[in-house]
Amino acid sequence: MITQEENDLLTRTGKGTPAGELLRRYWQPVALAEELPQGGAPLPVKILGEELALFRDDHGRPGLLGIHCSHRGTDLSYGRVENGGLRCLYHGWLYDIKGRCLEQPGEPNCGEHRDSIRHLAYPCEESGGIIFTYMGPGEPPLLPQYDFLIAPAERRYSNKIYHECNYLQANEGNIDPVHLSFLHRFYETPQGRYTGVRNTEDSHYNLVGRDLAPTIDVERTDFGVRIYTTRNQPGGNVYLRVTYFIMPNLSAFPGQTGGEGYSVNWHVPIDDEHHWKYTFVYSREAALDKGMIHRARSEVGPDYKLVRNRANRFNQDREEMKTKTFSGMGYGFQAHDLFATSSQGPVQDRTNEHVITSDKPIIAARKLMEKAIKDIQEGREPPHVVRDPRANRFPHMQVISDLIPGSTDIKQHTKKAEEEAKARL
Ligand code: FES
Ligand SMILES: [Fe+2]
């Protein structure tokens, strides 16, 4: 349980709020590149409570401008893309991606004082099929070179899913190891679904179903929190999962690629009661399985909303609950997570929660965010704002899903994976 003040501190994300200022210190996904094809229409977007117009200029460069024209406020997302910028339909002012007003064509000499206009503009960069923006003060940091962004296209997948709830509770779901044994539990391993755990033919579903009360250990890293979860298995083995909270609003965990890659969820506020979950799948060596990509796509409509949602009560099936799935909400994890986190309320009231020992990763992540907020308030840079190109690869972010002998030192085992990753760099 936390106080109302702490809950507000971590969940309010508008300009000038403590968490809003924290999130603004990092590059944030603002759209999928597929939403903004070259020559396509500008997009109205809302991110961190700010209404903006995202466009690609006629050189193909993405730009993000305040949606209301600096002249008299007309919506720029309806504008014309031409002459090196975005032109307002009302009186033709033309803006470039830096927010400079290039033309005021209704004025003598095309607007002699147009240089005094500095329209709101946020820098954008493109990586891994995503358009990122930096909405914070000063020089933008480096865009993190995460494996899931920089791998060749056949080894990565990205999409996004609309969520009607605050970003924080959804990200807390990613770092909650126990819920795998309940919410995502299947009573039979569905054909063709993810089973991958290293060193065993047994499925992940059996492994998480066998030990409902795992042992959880957490440790701080320079980028967030590392979470070790072990579940006892027959023959003296343990199922080890190593997962991460990554500052300030994403998580990494074993997903469709089992122990040979990982998945990431990145929760970007639209406003305090809605957010986009950007989803990533990364494979270390093999090309991604097209069937997996097709299944992931089929869960999400063209508007990036899940087919199962609150309006249809997630198509919950009580017959299915008897023999097939714990939730009765099919085999797609995304729908389960949307249900669990959005039904906590638009902003979860954490003054009424009862956190227990297995919630320690969530407590650790909250503490780290509170500390980072304090860092900013006291003039320090928060953790994981990357400025040194030599520190812009993350071999110590090793996601693991392995069956190992119970006598194994799990920290040594993780360290070994880290050393191997360093050798591959
Ligand atoms: S309101 Fe945009 S040019 Fe006048
Ligand atoms: Fe989940």
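In this text the structure is predicted, and so the values were computed from the model without any measurement. Numbering of residues begins at 1 and proceeds along the displayed sequence. Start at 1 and go down the list; that is how both ligands and their atoms are numbered.
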### Count of N, O or S atoms belonging to protein, less than 2.8 Å from the Fe ion (ligand 2)
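That number is 4, waters not included.
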### Query
Side chains of Tyr134 and Glu125: donor-acceptor distance under 3.5 Å anywhere?
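No, Glu125 and Tyr134 have no side-chain donor paired with an acceptor closer than 3.5 Å.
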#### Entry: Donor + acceptor pair across side chains of Asp222, His396 (<3.5 Å)
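A donor-acceptor contact under 3.5 Å links the two side chains.
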### Message
According to salt bridge (Lys or Arg N to Asp or Glu O under 4.0 Å), who are the partners of Glu51, at least two apart in sequence or on a separate chain?
### Response
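With neighbours one apart ignored, the set is empty.
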### Query
Under 30°, 30 to 60°, or over 60°: which ring-plane class applies to Tyr146 and His384, parallel, tilted or perpendicular?
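Ring orientation, 0 to 90° scale: tilted.
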### Query
In Å, rounded to the nearest 0.5 Å, how long is the span from SG of Cys124 to CG of Leu64?
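Between Cys124 SG and Leu64 CG, I get 4.5 Å after rounding to 0.5 Å.
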### Query
Taking the six-membered ring for Trp, are Tyr162 and Tyr304 ring centroids under 6.0 Å apart?
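No, they do not, as the ring centres are separated by 6.0 Å or more.
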### Check: Phe148 ring centroid to Tyr282 ring centroid under 6.0 Å
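Centroid separation for Phe148 and Tyr282: 6.0 Å or greater.
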### Task
Taking ring-ring contact (aromatic ring centres under 6.0 Å, His included) as the test, write out the residues that go with His179, two or more places apart.
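Counting only residues at least two positions away or on another chain, His179 forms a ring-ring contact (aromatic ring centres under 6.0 Å, His included) with His184.
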#### Entry: Arg313, CZ: over 12 other non-hydrogen atoms inside 6.0 angstrom
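No.
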### Query
What protein N/O/S atoms sit under 2.8 Å from atom 2 (Fe) of ligand 1, by chain and number?
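Checking every protein N, O and S atom gives Cys69 SG, Cys88 SG.
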